[in-house]
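Notes for the one structure printed next.
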Amino acid sequence: MKLIIAETKKEAREQVKEWHRQGLTVGLVPTMGALHEGHASLVDAAAKECDRVVASIFVNPTQFAANEDLDKYPRDFDRDCRILEGHGCHMVFHPEVAEMYPDEFCAAVDIESEMTKQLCGKSRATHFKGVCTVVSKLFNIVGADKAYFGEKDAQQLAVIKTMARDLDMDIEIVGCPTVREEDGLARSSRNTYLNADERKAAGVLYKGIVAAKDKIDRVPQGGIATAESILEVMRDVINTEPLAKIEYIEAVDGMTLLPVDEIKKGVLIAMAVHIGNTRLIDNFTV
Ligand code: AMP
C-alpha cells in the first residue's frame, strides 16, 4: 500500500475515521523525523498490533527552549517517507507549524507533579509542557487506538502515561525497548551531530550502563545495593572519557520519577551526558 501523506489535520482525521468505519484498528507513532532504526521499531510494533499505522513527523517548537537546537534539528522528509513505507506505515501526518499552532493558538497541557521537574525537567523547564501539548493534539487529531513511544525517552513515556491516565484519554500507550548501535549507543536523531571522535566517545554512556548492571547483578541474594553505590560506578566509568560531561545520573522510581535511595526492581536509572555540544540521554530499568 502506498504511503498516504497528510499535511492537514482534516485529511489525517478523516482517513482514520474511514479506517475506523471499516472496523480497522489504528496505531500512532509520534516522531520529529530524521528517522532511524529506533523509530522503525515503533512502526514495526504498531504494524504488528494494529491494522493501520500512522506516523507523525513534526519538529514541535513548543518543546524546545530558546537556547536549544530547534533550527538545526535534522530534517529529511523524503528519506523518512521511504523508511516509513519500508516498515509498513500507511499514513504520515506531516503538518506545517501554522497548521498545529495558528496565530490564535493559546492552549497548553501540563502535568502538575514533581515528575516533570526531575531528570531532564531540571534543565528543560518547559519541555514536557510542550510535549504534553503536542501529543494531546496528535491524539485528538488522529484518534488512534494505540500510541507507541520509546523507552529511550523514559521520562517522556512516564509523563505521557500519566497524562493519558489523568485526562481519561481513550488511547493505549505502549512503551517499546531502546534500539542501540553496535557499541550500545542508543539510536537518536541527535547522534548525527557527533563528529568521529565524539561518536567514539559516546559509547561511554552504554559502558556506564553495563557497569551498573554488572554491579547490581553481583549484589548477593537478599542484599540491597544503595543507589549511590551504583551511580558512583556509572560516574566513574563515564568520567574516564574526556569528551563526556555528565549533566545528571540519577536513580528514580520508575512510575513517579522521584529519587530513591535503594536499588529495587522497577527503579529507573537515567542520565543526560554532553559529548562536546551534543546532549545525549540514556537509561535502563532494574
Ligand atoms: P523523536 O523523533 O526523537 O521525538 O522520537 C520519536 C519516538 O521514537 C519517541 O517515542 C522516542 O522515544 C522513540 N525513539 C527514539 N529513539 C529511539 C530508540 N533508540 N529506540 C527506541 N525508540 C526510540
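Every number for a ligand or one of its atoms is a count from 1 in the order of the listing.
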Check whether any heavy atom of Pro177 sits under 4.0 Å from an atom of ligand 1. yes

The option among Asp153, Val135, Asp80, Val29 carrying the non-hydrogen atom nearest to atom 11 (C) of ligand 1 is Asp153

Indicate yes or no: does Glu181 engage Arg187 in a salt bridge with an N to O separation below 4.0 Å. yes

Per-atom filter on ligand 1: closer than 4.0 angstrom to a heavy atom of His36 are 15 (C), 16 (N), 17 (C)

Exactly one candidate in Val54, Ile57, Val53 meets side-chain contact (heavy atoms from CB on, under 4.5 Å) with Leu84; the answer is Ile57

So, Lys10 and Glu99, do they make that salt bridge, N to O below 4.0 Å? no

query: Looking at Lys207 and Glu241, does any basic side-chain N land under 4.0 Å from a carboxylate oxygen?
result: no

Quiz item: With only distance considered, is Val179 within less than 3.5 Å of ligand 1 through an N or O on each side?
Solution: yes

Here the atoms of ligand 1 under 4.0 Å from any heavy atom belonging to Leu42 are 7 (C), 8 (O), 10 (O), 13 (C)

| query | Judged by non-hydrogen atoms, does Arg180 sit under 4.0 Å from ligand 1? | reply | no

Before accepting this row, confirm whether a basic side-chain N of the pair Lys48/Asp44 lies closer than 4.0 Å to the acidic partner's carboxylate O. no

Exercise for review: Give the C-alpha distance, both sets of side-chain angles, the deciding distance and a yes or no for ring-ring contact (aromatic ring centres under 6.0 Å, His included) between His94 and Phe58.
Suggested key: CA-CA 6 Å; His94 182 232; Phe58 181 63; 8.7 Å; no

The answer for which part of Glu37 has a heavy atom under 4.0 Å from ligand 1 is neither

If you scan protein heavy atoms around atom 1 (P) of ligand 1, the nearest is His39 NE2, 3.6 Å

The option among Gly150, Ser189, Ala55, Gly33 carrying the non-hydrogen atom nearest to atom 22 (N) of ligand 1 is Gly150

The atoms of ligand 1 lying under 4.0 Å from a heavy atom of Phe149, numbered in the order shown, are 10 (O)

**Prompt:** With distance as the sole criterion, is a donor-acceptor pair present between the side chains of Glu232 and Ser229 under 3.5 Å?
**Reply:** no

Within the 4.0 Å heavy-atom cut-off, what Met32 brings close to ligand 1 is both

Atoms of ligand 1 under 4.0 Å from any heavy atom of Pro30, numbered from 1 in the order shown, are 6 (C), 7 (C)

The answer for which part of Ser188 has a heavy atom under 4.0 Å from ligand 1 is neither

| task | For the pair Lys122 and Glu250, find out whether any cationic side-chain nitrogen is under 4.0 Å from an anionic carboxylate oxygen. | result | yes

Quick look: Arg187 vs ligand 1, heavy-atom contacts under 4.0 Å, and the answer is both

Salt-bridge contact Asp183-Lys200 (side-chain N to carboxylate O under 4.0 Å): no

Atoms of ligand 1 under 4.0 Å from any heavy atom of Thr178, numbered from 1 in the order shown, are 20 (N), 21 (C)

Atom 18 (C) of ligand 1: of Gly38, Pro74, Ala34, Ser56, the nearest heavy atom sits on Gly38

Between the side chains of Arg82 and Glu85, is the shortest nitrogen-to-carboxylate-oxygen separation below 4.0 Å, so that they form an ion pair? no

